2 protein chains.
Amino acid sequence: MQSSHEQFRELAWKCGLAATHQRQVIYEAVVAMPGHYSPESIFAEVRRRTPSISLATVYKNLRLFVAHGLLREVSPHASTLLVEGNLEPHHHLVCTRCKAVQDIEGDFINYKKLSRHAPRGFDLTQPLVEVFGLCRRCSAKK
Amino acid sequence: MQSSHEQFRELAWKCGLAATHQRQVIYEAVVAMPGHYSPESIFAEVRRRTPSISLATVYKNLRLFVAHGLLREVSPHASTLLVEGNLEPHHHLVCTRCKAVQDIEGDFINYKKLSRHAPRGFDLTQPLVEVFGLCRRCSAKK
DNA sequence: TTGTTAGATGAGAATGATTATAATCCAAGA
DNA sequence: TCTTGGATTATAATCATTCTCATCTAACAA
């Protein structure tokens, strides 16, 4: 069984990226636990092990990892960046009011109907979906 | 048949809002044509008729109209605001690369399955969905 | 019609997340 | 070990949006 370090070195090598210490700790911070993480929270976490790291480096590498498919961007057009390490296809539930995001399982999309209504040439190879509603807390407030 | 002005005055009155000239022209700019509009584009449009109007007023009133259900926010957690006058329930297709948004018709969501997988208390009374893919232009570039 | 006032507007400053810049640094192949 | 192109850091810059507050006006009452 490979060490976590060796696993990352191999991933980086496949993507043609230098396996720097900073990239290592950023990647591991996201992948260590399931969940959705902001650049700031990753920065705070990573800083404990590598105090000299810069916030710009965190941003740059999160974008890079997402571009290479090592991480997933929680919402591809959200106002603030969130990343997750879970690469299994799954959808998200978003609260319209507080913008909280959570995973939602289940096969509730009819892909055949969906692609029938999509315009010509629109690539829905692996459609990801965001469902908007009101989370429990916000619908209680009302 | 009511004039457009009278229609707006009545809507404003129902919401308890003063029917100012600025609100009138902002509302009409969005509702006049189907489509998705940014605050800047509405500002540019509205300025032609009302040169003294302020961008802040446009933002403030778009948010207000959305809060009162007179307009719809295209994507409730997008990085930049877009509004539309079409209040008929419909979903959106978003390009992951260029973030372009277009309407998509069709009943491709299985609401029963969806609510079965949603957490307790999550309000999905009228779930709106955003589907991510690659628009034709972006998937051609690849 | 006029007076009163709560709410609305306008101009510009402030905010906050993200990206750009440029000097320094280091991973990786020779 | 040496070389070099890519990586990192600190900070400035950006940009959409919101805030502030002085001024103004729509709406109701007299």
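Just so it is clear, the structure is predicted and the values come from calculations on it, not from any experiment. Each chain gets a letter, A, B and so on, in the order its sequence line appears, and its residues count up from 1.
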OP1, OP2 of D:dT8 versus side-chain N and O of A:S52: anything below 4.0 Å? no
Any idea which heavy atoms bring A:L82 and A:S38 closest together, and the distance? CD2-N, 3.6 Å
According to the salt bridge (charged side-chain N to carboxylate O under 4.0 Å, His left out) rule, which pairs have a member within residues 22-32 of chain B, sequence neighbours left out? B:E28-B:R49
Residue pairs meeting salt bridge (charged side-chain N to carboxylate O under 4.0 Å, His left out), one or both in residues 64-83 of chain B, sequence neighbours left out, come to B:R63-B:E73, B:R72-B:E84
Using a 4.5 Å cut-off on heavy atoms from C-beta on, say whether the side chain of A:L71 contacts that of A:Y27. yes
Roughly how many Å is it from CG in A:L17 to P in D:dG5, rounded to a whole number? 18 Å
So, do A:I53 and A:P51 sit near enough that their side-chain heavy atoms are less than 4.5 Å apart? no
A:L64 CG to D:dG6 P: how many Å, rounded? 13 Å
Could you list all N or O pairs between the protein and nucleotides 28-30 of chain D that sit under 3.5 Å apart?
none

A:H92 versus A:D103, side-chain donor and acceptor atoms under 3.5 Å: yes
Side chains of B:H77 and A:S79: donor-acceptor distance under 3.5 Å anywhere? no
Contacts of B:R120 that satisfy salt bridge (Lys or Arg N to Asp or Glu O under 4.0 Å) - sequence neighbours left out: none
From CD of A:E10 over to P of C:dA27, roughly how many Å is that when rounded to an integer? 20 Å
NE2 of B:H68 versus P of C:dG7: gap in Å, rounded? 12 Å
Heavy-atom check, side chain of B:L11 versus side chain of B:W13, under 4.5 Å: no
Does C:dG10 have OP1 or OP2 under 4.0 Å away from a side-chain N or O of B:T57? yes
Interatomic distance, A:F43 CZ vs D:dT11 P [rounded to whole Å]: 12 Å
Check: protein-nucleotides 17-20 of chain C nitrogen or oxygen pairs below 3.5 Å:
residue: C:dT18; atom: OP1; partner: A:L81; partner atom: N; Å: 2.4
residue: C:dT18; atom: OP2; partner: A:Y59; partner atom: OH; Å: 2.2
residue: C:dT18; atom: O5'; partner: A:Y59; partner atom: OH; Å: 3.4
residue: C:dT19; atom: OP1; partner: A:R63; partner atom: NE; Å: 3.3
residue: C:dT19; atom: OP1; partner: A:R63; partner atom: NH2; Å: 3.4
residue: C:dT19; atom: OP2; partner: A:R63; partner atom: NE; Å: 3.2

Counting only heavy atoms and a strict 4.0 angstrom limit, can you tell me which residues of residues 21-29 of chain A come near DNA chain D? A:Q22, A:R23
Between P on C:dA8 and CG on B:N61, what's the gap in Å once rounded to a whole number? 8 Å
Please give, in whole Å, the distance from D:dT8 P to A:L62 CG? 12 Å
In whole angstroms, how far is the C1' atom of D:dA16 from the CD1 atom of B:I42? 14 Å
At what distance, to the nearest 0.5 angstrom, does CZ of B:F8 lie from OG1 of B:T20? 6.5 Å
How about A:C135 and A:R97: do any of their side-chain heavy atoms sit closer than 4.5 Å? no
